[in-house]
Visitor: 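Sending over a structure as C-alpha cells; questions will come in a sec.
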Amino acid sequence: MIKRLVSIIILAVVITSLFMVLSETAPFGDDETVVSHRYIYKGVDETGSANLVTAVVLNYRGFDTLGEVTVLFVAATGVGAALYTRKHPVRKNKVEASLIVKTGSKLLFPMMLLFGAYIFVHGHLTPGGGFQGGAVIATAFVFKYISDTRYSIDHVGFTKMESASGMIFAGLGIMGLLLGGYFLLNILPNGTPGELISAGILPIIYIAIGIKVGAELTGIIDRMMGVEA
Amino acid sequence: MMFYFASAALIAIGIYMLMVKKNLIKMILGLSVIDSGVNLLLISIGYINGKTAPIIQPGVSPSNVVDPLPQALVLTNIVIGVSVTALALSVVIRVYKHYKTLNSSEVRDLKW
Amino acid sequence: MLEFLNPMLRPEWMISLLFIGALLTYFAGKVSSALRTTFAIIFSVFVAFLVFLSGSRDVLTYWRPSASPMGFRFVLSINALSWFFALMISMVSALTIVYSAGFGKNTEKDNAFYGLNLLLMGAMLGVVFSGDMLSFFIFWEIMTLASYLLTTLAGKRAEKGALNYMIISTAGAYSILIGMTMIYTRFGTLEFSGLASVMGGADPMFLLITLSMLGIGFAVKAALAPFYVWAPPAYSEAPDSFTPVFSGALSKLGPYGFTLFMYGIVGLPALAKMGTFRGISDFGYIIALLGSITAVIATLYAIAQDDIKKLLAYSSISQLGYVMMGIGIGTSIGVAGGLYHALNHAIFKTTLFMGAGVLIYTTGSRKLSDMGGLGTKMPITFLTMLIAIFALAGIPMTGGFGSKWLLYEAAIDKKFVLIAPLAFIASVGAFLYSFRILQSAFLGQLPERLKGAKDPSPLITIPMLFFAGLLVLFGIAPGIPLGIIASVESYLGIPALNVSTYSVYLGANFGAYNAFTVMTVITLALLVALALFFIAKKSRKVGQTDTYMAGEVPEHHVDLYLHYSMNFYRPLERIFAPYLRNRLERLYDAFGSGYELISEGIRRIYTGDVQHYVYYVMVFLAVMILAGWWWL
Amino acid sequence: MIEVAVGFLVIAMIIFSVYAAETGDLMYAVVAVMAVSLIVSMLFYVLQAPDVAMAEAAIGAGLTTAVFVLAIKKTERYEHD
C-alpha cells in the first residue's frame, strides 16, 4: 500500500510538471511549425497527394517509412521465433461459433477485404492509407479465424505476397536512385491532385504497404492463434 | 487543455501500472496505455484552433489545415506500437510456458 | 663466407621467419613429432644465428600499410641497444628449444608448445626491434599472450598462476597504452626516432606522468617491487622447459623498456630536469631504490623455499631487482652494470632453470628435500649448475662477479647509503639460497630410489655447457660483453665505459678491475688451498649413505623427517619470519575482496525486477524536476 | 457543445483506464483498454486527424485487443498477488 502511495506521489510530481511545461511552451491550439509550413503550402504541388499526411509519410519521410515497415517485419519475425514449435502449429478451438456468426462472416469477410483495399488505394485522396487498410484486412482475417475453427491462412502465399510487396517498395526506391539520383524519387508524373491516378508512385507504394502490413499482422495473429498453450 | 490533461492522465496511469502491477500482461497493458497517451499528446500539440484535417480538397485552402507532421509521426507510432506489443506478448507466452507464472518477481532469470 | 645471408639480416626477415616457423612447426607436429622438433630447432637456431651475424649495424625498415588510418607506419630497426637484447633473447630462446627437444615430452600439447615458443621468440625479437610505439605495443601483447598460453600448457595447477600473470600483465599493458596515447596526443608521432628529438623538450610533469605510465607496464614484466606478485606462481608453475625462457629472456624486456625510454628516448638531460638526487634523476633514483628493495625482499623469500623452481623464481625477481637498480642509477657504471647483469642473469638463470628441469625430470619432484647426493651421478649437470650458482652468488671467475662489482661500484660511487647496503644484504642472501640448492641436490646423501640417476642426453647438456662456458669466458674476459655494452651506452648518450678485453677502468676513485689478475689470484689461492688440503688431510672418506644413520640406509619415510635439507635455514627464517608475514599478496587480496564487496553492493541495485527499474527512472525524473524548480 | 462531449469522453476514458489498472481480471482490463483506445480514436477525430483516428481504431482497438486476448488465452486470466 505504501508502495502505491509513493508511486502516486512521484507520478503526480512528474506529470504535473509535464502538464505545466506543456501548457507554457506549446499552448493548445497554437500555430504550426516552420517545417509543417512548407509541407502544408507546398505539399500538394510537390507530391500531388491531396492527403498531406500521406505526402509526409510516403514522400517527405518515405525513407523512414521503409524503416518502419522493416521494424514491423522484424517484429513479425520475432513473434514467429518466440512462438516457434517443433510441430506445425495446429488450431484447437473447443467451442464452435454460432450459425449467425458463421453466416455473417461469410457475408462480411469479402466486404471487409474490399473496404481495406479501398482504404489503401485511396490513401492519397482521403483519410487512410496502407497502414490503416492493412490493419482492416488483418481484422477481417481475425474475424474469419474466430468464426471458422478450421480456417488457416495459406502461409506460403502470404509469405510470397509479403516479400513481393516489400520488394516493390524497395524496388521503387532503387528505381528512383537509378533514374533520378536519389532514393525513392517520385519518378511518375504527379497528375492532377484529387484524381485517383495521381501523385506519382505514392499509390503504388501505399498498395504495397497495405498488402505487406495486412500480411504481416495476419501472420502475427496466425502465430498467436496456432500455438498450443 | 482538456486534451493535454487527458493525455497526461493516460501516461500517469500507464506508468502507475508499470510501477505497481507485477503481472506481466498487466504491465504490457500499461505500456499500451502509455502509448495511447503519448499519441494523444502529440496529436493535440499539432492541433490548431479552428482548422480542419490536412486533406486539400476543393474548398479547403492550405492556410486552413492543422499540422500534418505530428499525425504522420503518430501513424508510424501506432503501427510500431502494435508490433512491439505483439512481440512482447509472445515473449510473455514463452516465459509463461517455462515458469508457469506471470509474476515478474518470480521469474528469476530476469535477474542477472 | 656467409655473405649470401646478408640480405636476410633484417629484422622483418627474422621476425617473419619465426612467425612462419611457428605455424609450420605446429602443423608439422600433426604429421610427426620428430619433424616438428627438427623444424623448431632449425628455425630458432637459424634466426639466433642471423641475429648474431647482424651485429650492431644500423638497419632501419619502414613499412607503411596502405590502409593505415592515421598515418602510422611500422618501423623496425636494429641498433646497438636492440641488438644487445636481441642477442640475449635469441640465444636463450633458441638454446632452450634445443634443450626441450632433449626431453621426449614437455607438455600435454607439444605441438602448441613448440609453435608458441617460436611465436614468443618472434614477438620478443619484435619488441626489441620495433622502432615505433605501435609495433612495440603489438609485439608486446603477442608476447604476453604467447607466454600466458605457454604457462597454461603445464596443466591444471598452472591455471591460477597463469591467470594472475595475465591479469597483472593486462593492467600493465593498459598502462603502457595510456602512456602511448598521451605521447601521441602531445607529439603526433609514435616513431622512436621522431620522439627522441622532441621528448627531451617536453615539460618535466608530462615526462614524469608518461614515464610512470610506461614504467608500470615495464615494471610488471620486470617483476619490480609492488608488481612482482605474479612472478613466483607463474615462473614456478610454467612448464619446466619453458621457465628458462620465461625468466631468462622474457623478463629482460622490462629492463629493456626502461632503458629505451629513460635513456634512448627521453635522455639524461631531460630526466635531470625532473629534479636530481646526488647527481642522478629522481625518477631513476626511485627505480633504483625499488630495485634494491625488490632484491632484498625476494631474496628473503627465496631463502625460505624448499621448492626448487619457486626458489629460482624468487631468485629471478631479486636478480632483476639488481638489474633495475643499475639501470635506475643511470651513470656510466650503473647502466653498464645493469645491462651486464641482465646478460649474466639471462645466462645463469637459464642454466639454473634448465638444471632444475633436469633435476625435476630425474627425481620426479620439485622439492629439494627429495633430492640429494646427485653430484656424483650427474657430473655435467652438477658442474654447469655449480658455475651458474657461482655466477649468481657473484663469486669471481664467473661473469656474475663482474656485473655485481660494477653495480656495487655504481651505488658506492654516488654514496647511496640506502641502496648499497640493501644490495649487499641481497647478495649475501643470494649466496645462502644458492648454497641450499647445491647442498640439497648435489651433495649429501643419495636417496635409495635415485640410485639409477644419470646425466641427460647431449641435447640437454650441450646448451647448459655452452652457457656455463660463456659464464667462465665472461669471468676471464669481461671486455667482450662490456665492449658491446659500451657501444650501447654511447648509442644511448651515456658516457661509455672504458674497457679493454681483460680489464675495466672505473674512474679515478676506483681504478681498474682487471679480471685476469683476479683470476690469477683466485686460481693461485685455490691451488694453495688444495695443496694445504692434501698435505694436512685428516678426514676419512665415508660412503654416501652412512654419515649419521649409523650405517643404515635412509628409508623414504625417514627422509621425510630427517632429511638434512628440511628446515635448512630454520634459525635464519625464525629471525625474519615475522616481517614476511605481511606479504604483498595480502594487499592485492584485500583490494580484490574490497572490489568484490563494492560490486556486490552495486549489484543489489540491479534487482532484475522491472518494477524497480521503473521506480529508478521515475524517481530520477522527479528529483531532476524538483531540483530544476528549486535552482531555476 | 463539442467541449462538453469531449469532457465526457475524457472522464469516461480516465475511468476506463483506472478500471483497467485496478481490476484483477485481465480480460476485463483488456476490454477496458480497448475502450480507452476507442475513445482516444474519437478524440483524434475531434482533433482533425482522421488518418490517425482510423489507424488507432483499426490497430489500437482491434488488433491489439485480439493479440492481448490470444495471449491471455495462452496464459492465465486472473491476476494473483
Side-chain angles (χ1 to χ4, degrees), chain A residues 3-4 7-8 10-12 14-16 18-19 22-23 26 28-33 35-36 39-41 43-44 50-57 60-61 64-65 68 71-72 74-76 78-83 125-127 129 131-132 135 193-194 213 216-217 220-221 223-224 227 229, chain B residues 1-5 7-9 11-16 18-20 37 41 44-51 53-58 60-80 82-97:
Chain A
K3 195 173 154 189
R4 289 186 184 202
S7 39
I8 287 172
I10 293 170
L11 279 176
V14 173
I15 293 303
T16 317
L18 171 75
F19 187 69
L22 266 180
S23 4
F28 183 70
D30 208 18
D31 214 350
E32 77 268 21
T33 57
V35 182
S36 311
Y39 291 163
I40 290 169
Y41 288 95
V44 177
N51 187 344
L52 287 178
V53 177
T54 303
V56 174
V57 166
Y60 294 112
R61 312 245 118 238
D64 296 2
T65 307
E68 180 195 354
V71 169
L72 192 59
V74 170
V79 171
L83 297 180
L125 302 178
T126 56
F131 295 108
Q132 295 91 326
V213 168
E216 260 156 15
L217 290 179
I220 289 176
I221 296 289
R223 272 286 168 193
M224 300 200 71
V227 184
Chain B
M1 271 312 135
M2 198 70 186
F3 294 97
Y4 281 0
F5 172 72
S7 47
I11 293 171
I13 292 165
I15 297 176
Y16 171 79
L18 273 183
M19 284 168 94
V20 174
L41 185 63
S44 39
I45 287 174
Y47 181 72
I48 304 164
N49 276 331
K51 296 192 175 180
I55 295 167
I56 311 293
Q57 292 158 328
V60 179
S61 80
S63 61
N64 203 25
V65 296
V66 300
D67 197 345
L69 195 58
Q71 301 195 5
L73 270 178
V74 168
L75 195 57
T76 308
N77 189 26
I78 289 171
V79 178
I80 302 271
V82 68
S83 55
V84 167
T85 304
L87 187 58
L89 281 173
S90 54
V91 172
V92 166
I93 291 171
R94 205 75 195 166
V95 167
Y96 182 78
K97 263 189 188 171

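Numbers restart at 1 for each chain; the letters A, B, ... are given by sequence-line order, proteins then strands.
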Visitor: Given the options B:Ile80, B:Val84, B:Thr76, B:Ile78, which has more heavy-atom pairs under 4.5 Å with chain A than any of the others?
Guide: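 Looking at each option in turn, the highest pair count goes to B:Thr76.
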
Visitor: Any side-chain heavy atom of B:Leu87 within less than 4.5 Å of one from B:Ser90?
Guide: yes

Visitor: So which of B:Leu73, B:Leu75, B:Ile11 has the biggest tally of heavy-atom pairs under 4.5 Å with chain A?
Guide: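 Looking at each option in turn, the highest pair count goes to B:Leu75.
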
Visitor: Any side-chain heavy-atom pair from B:Tyr4 and A:Leu18 closer than 4.5 angstrom?
Guide: no

Visitor: Flag the one option from B:Val79, B:Asn49, B:Ile55, B:Ile15 with the top tally of heavy-atom pairs under 4.5 Å to chain A.
Guide: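 Top option by heavy-atom pairs under 4.5 Å: B:Ile55.
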
Visitor: Is it the backbone or the side chain of A:Ile221 that comes under 4.5 Å from a heavy atom of chain B, or both, or neither?
Guide: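 For A:Ile221, no heavy atom lies under 4.5 Å from chain B.
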
Visitor: Within a strict 4.5 Å, meaning less than it, do heavy atoms of the A:Leu52 and B:Gln71 side chains meet?
Guide: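 When only atoms from C-beta onward are counted, B:Gln71 and A:Leu52 do not touch, as no gap falls below 4.5 Å.
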
Visitor: Quick one: of A:Thr65, A:Asp64, A:Val57, who has the most non-hydrogen atom pairs under 4.5 Å with chain B?
Guide: A:Val57

Visitor: Keeping the roles fixed (side chain from A:Thr54, backbone from A:Ala50), state whether a donor-acceptor pair exists under 3.5 Å.
Guide: no

Visitor: Given that the side chain runs from C-beta out, which part of A:Thr126 has a heavy atom under 4.5 Å from chain B: side chain, backbone, both or neither?
Guide: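 Looking at A:Thr126, just its backbone touches chain B.
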
Visitor: Is A:Glu216 close to chain B through its backbone or its side chain, or both, or neither, when contacts mean heavy atoms under 4.5 Å?
Guide: neither

Visitor: In terms of heavy-atom proximity below 4.5 Å to chain A, should B:Leu41 be classed as side chain, backbone, both, or neither?
Guide: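 Side chain of B:Leu41 only, per the 4.5 Å heavy-atom cut-off to chain A.
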
Visitor: If you count heavy-atom pairs under 4.5 Å with chain B, which of A:Ala135, A:Ala75, A:Ser23, A:Ala82 comes out on top?
Guide: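 Result: the option with the highest number of such pairs is A:Ala82.
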
Visitor: Would a 4.5 Å heavy-atom cut-off, applied to side chains only, mark B:Pro68 and A:Ile40 as touching?
Guide: yes

Visitor: For residues B:Leu89 and A:Met224, determine if any side-chain heavy atom of one lies less than 4.5 Å from a side-chain heavy atom of the other.
Guide: yes

Visitor: Using the ring centroid of each side chain, check whether A:Tyr39 and A:Tyr60 are separated by less than 6.0 Å.
Guide: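 Yes: the rings meet the under 6.0 Å criterion.
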
Visitor: Between B:Tyr96 and chain A, which part of the residue has a heavy atom less than 4.5 Å away: side chain, backbone, both or neither?
Guide: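 Neither; nothing under 4.5 Å.
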
